[in-house]
4 protein chains.
Amino acid sequence: MSKQKLSHLKQSERDARRKLILEAARSLFSKKDFRNVNVREIAAEAGVSVGTIYNYYADLDELFIDVFLKNIEEITCLLDKENSEGFPTLEKLCEIYITYLSQNMTFYQMMGHFMLGGKLSHESTTKLNQRMRILMDRIEAILRARGFHEDARSLSHALFSALNGIMISYAGYPGRNIEEVHKYTTKLAGIIAGVFKAKLKD
Amino acid sequence: MSKQKLSHLKQSERDARRKLILEAARSLFSKKDFRNVNVREIAAEAGVSVGTIYNYYADLDELFIDVFLKNIEEITCLLDKENSEGFPTLEKLCEIYITYLSQNMTFYQMMGHFMLGGKLSHESTTKLNQRMRILMDRIEAILRARGFHEDARSLSHALFSALNGIMISYAGYPGRNIEEVHKYTTKLAGIIAGVFKAKLKD
Amino acid sequence: MSKQKLSHLKQSERDARRKLILEAARSLFSKKDFRNVNVREIAAEAGVSVGTIYNYYADLDELFIDVFLKNIEEITCLLDKENSEGFPTLEKLCEIYITYLSQNMTFYQMMGHFMLGGKLSHESTTKLNQRMRILMDRIEAILRARGFHEDARSLSHALFSALNGIMISYAGYPGRNIEEVHKYTTKLAGIIAGVFKAKLKD
Amino acid sequence: MSKQKLSHLKQSERDARRKLILEAARSLFSKKDFRNVNVREIAAEAGVSVGTIYNYYADLDELFIDVFLKNIEEITCLLDKENSEGFPTLEKLCEIYITYLSQNMTFYQMMGHFMLGGKLSHESTTKLNQRMRILMDRIEAILRARGFHEDARSLSHALFSALNGIMISYAGYPGRNIEEVHKYTTKLAGIIAGVFKAKLKD
DNA sequence: TATGAATGAGCCTTCATTCAT
DNA sequence: AATGAATGAAGGCTCATTCAT
């Protein structure tokens, strides 16, 4: 076997391992607030030792960011799939996004964490910005397809953050159950979609 | 002096003390992320002992909630003042709110904290809901004054959460300075105001 | 009781507690290499909790330095007692010092630790220099009393470090037992005393 | 090729590898305190894997000892060269030794490490004693050449340890720069040389 | 023999909360 | 009611050593 192949194999093994840890973390985060998850739990969930986590991630923050990036990618992917079948309506877009967030609370939890106090390395910042831009490209594409041409980028940002805000403000609303919450956040998302659409007819 | 008066005095003293602690916490939170503030710092800032904090608050979360409630009240108050001089335009409303958030990061930081993982006592939940409802009354009043009659309550929620989302998603955007951020969040708030207004003309 | 007295009491209590921890550490160090002692052991030995250690010392290094300073003080004290009864001969001085070191291995172990890699805070450095100077004053006084007048300070340093060197180089000599070691280090100290005395007769 | 030759070749290869690792470690130690160097750094510096280190050394301590032994040999060698051109004066001897230590801090750092807490295998102890004895032979030879006949061995030990002590006590003196330190340690070494010489004239 | 990922015990330190005074 | 020292569980991270390939 050539050295190149070997190193390629090793690299893919490494990637697999990293993914294993990443998915273990994501799995845990779906069960409990990521701020209350510790290295030992992640290691146990991944079936590796604590030390191994640090062979793949410099520190926990780096892992958390990877989870965040993974979420961004997934949403991007989701929209890509949708877009390939003809661009969705605004309502559909909002619904897709809200549904994704409902099933991935970590995403907007981390949004709060990293966008506010969290210290990001320069590298992480760069990666984050890059992936975020790609996601925004998709949203912008949909808006353009729906007829929004003027300042479509800012509109994308506004829509994106409005939907995040809905989840953060109402997804954990004390005293309501999951179903009620999902129904209401979806309704609010619909309202947002509605007002955006109204803009078109100006 | 009657017993009643005495107890009244004591109660007001107690309130004053509680307020002292509350304001000390708020003062600290304006300087640093509330997640990195600890009891000792708050006690020091308030000029009381750590133990005293626990004489007025069952635990730190209760204090944090009090800060949160205080913020809600302040915004409510801000809107009351504005409303008393004739209801503001949507643009103005959004600007007021965004500006307040810009100067009180803790508010949307705590939104993320409590609305997501934070455990709230039943009492706190009740209080929170009550105050939130009052704030929503004000926003709803403005929307109604601007001609939004259909499902004005949900519209208020949608607007409110959209603005929160703008701050959470962009207020700490890595790699941008405070001024740029404020300019952009204000712009996005303006867009939100714009789309909401468009809805009217449908 | 006056407030002053109270605060005085409290301060002395604090000092007592600090001393308790200090002595617990010293006790442990007499049994095993200080580099292998951890906070939990010290806490257990002192009969306090781990957290308490940190109420009295910013970190372990600060505690270690305190032990080191305590040693310097003890030696100073030892020499003071000796000097008060008429200055000892060089032989006696060397013997006293070597004997002290034999019973306080930590001292020259820490000499190696702090004088070489150890990071000292500015405050610690200051304290250390000050105490060291006082110790050197005593040694210098003895040398002067014995007739060494020319550059007595440097001679003190030379003598002091020579004796340290004897302990470091031979006190743990592999393959020898404690008694043999003590006998030999004492002999070497005697030699050092002898050559220093010879200098006088030049 | 005979089997013997082959095994000889292999042995010399093995020696070369061991030397490679040894020199890598020494190179690192000249840049930073050996107590803060870890296996991975050494492996990287040597251009081999971590596992390879353990193919040549049972554990890190064994490698450290090898470095120590190498230092002893170097000093021995240095003195041999000097002695071959006629035995140096005591002053010269002290200067040579102090200068060597100044450039090889690891030596007296390890002196502290191994002579005190470090666990040495029987084999290491044997080797160490043997090399140390050879070094002492050289020092003793110089002392004898300078006229010290009585108990020249112990005098050698005393001189050797005194010089070590100077370095340990003053080479890292907090608050002084390298040049000042070297000047002062050299001065102290001169004093030691001076008092030893005085002994002769008794 | 060389490799280097995996291991996991062990370390220092933090901090919300308690409780004797 | 006020105090603040004491508590100790919990957490992130390191690193010498092993071992399957």
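So you know, we letter chains A, B, ... as the sequences are listed, proteins then strands, and number each from 1.
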Should [X] and [Y] count as side-chain neighbours, where that means a heavy-atom distance under 4.5 Å?
X         : Y        : answer
Leu128(A) : Ile72(A) : yes
Lys31(A)  : Glu45(A) : yes
Ser30(B)  : Arg26(B) : no
Ile42(D)  : Asn38(D) : no
Leu20(D)  : Val48(D) : yes

Inset, instruction - Name the residue closer to the 5' end of DNA chain E, choosing between Gly51(D) and Thr52(A) according to the nucleotide with the nearest heavy atom. - result: Gly51(D)
Legend entry - 5'-most by nearest nucleotide on DNA chain E - Ile53(A) or Asp59(B): Ile53(A)
Show which side-chain atoms of residues 53-60 of chain B pair as donor or acceptor with protein atoms under 3.5 Å away, not counting sequence neighbours.
{"from": "Tyr57(B)", "atom 1": "OH", "to": "Asp66(B)", "atom 2": "OD2", "distance (Å)": "2.6"}
{"from": "Asp59(B)", "atom 1": "OD1", "to": "Asp61(B)", "atom 2": "N", "distance (Å)": "3.2"}
{"from": "Asp59(B)", "atom 1": "OD1", "to": "Glu62(B)", "atom 2": "N", "distance (Å)": "3.0"}

Legend entry - Distance-minimising heavy-atom pair for Val37(C) and Glu41(C): CA-OE1, 3.5 Å
Inset, instruction - Assess the pair Phe68(B) and His113(B): is the distance between their ring centroids shorter than 6.0 Å? - result: no
Legend entry - Centroid-centroid under 6.0 Å between Phe64(B) and Phe29(B) rings: yes
Look at [X] and [N] and indicate whether a side-chain polar atom (N or O) is within less than 4.0 Å of OP1 or OP2.
X        : N      : answer
Arg14(D) : dT1(E) : yes
Ser49(D) : dA2(E) : no
Asn55(D) : dT1(E) : no

Legend entry - Dot-bracket summary - DNA chain E, pairs being Watson-Crick or G-U whose distances fall under 3.5 Å, with | when paired to another strand: .||||||||||||||||||||
Legend entry - Contacts of type salt bridge (charged side-chain N to carboxylate O under 4.0 Å, His left out), residue Arg131(D), not counting sequence neighbours: Glu73(D)
Inset, instruction - Please name all residues satisfying salt bridge (charged side-chain N to carboxylate O under 4.0 Å, His left out) with Lys19(C), sequence neighbours left out, ordered by chain then number. - result: none
Legend entry - Near-strand residues of residues 37-45 of chain B, defined as heavy-atom separation under 4.0 angstrom from DNA chain F: none
Inset, instruction - Verify the neighbour count for atom CD of Glu123(B): are there more than 12 heavy atoms of other residues, nucleotides or ligands below 6.0 Å? - result: no
What integer distance in Å separates [X]:[atom1] from [N]:[atom2]?
X        : N       : atom1 : atom2 : result
Leu60(B) : dC15(E) : CG    : P     : 11 Å
Phe64(C) : dC11(E) : CZ    : P     : 12 Å
Glu13(A) : dG4(E)  : CD    : P     : 13 Å
Leu28(B) : dC15(E) : CG    : P     : 14 Å
Ile21(D) : dT1(E)  : CD1   : C1'   : 12 Å
Tyr57(C) : dC12(E) : OH    : P     : 16 Å
Leu20(D) : dA2(E)  : CG    : C1'   : 13 Å

Inset, instruction - For Val50(C) and for Tyr54(A), find the nucleotide of DNA chain F with the closest heavy atom, then tell me which residue's nucleotide is more 5'. - result: Val50(C)
Inset, instruction - Return the 5'-most residue of the pair Ala58(A), Tyr56(C) with respect to DNA chain F, ranking by each residue's nearest nucleotide. - result: Tyr56(C)
Legend entry - Opening and closing nucleotides of DNA chain F in contact with chain B, under 4.0 Å to non-hydrogen atoms: dA1(F) to dG4(F)
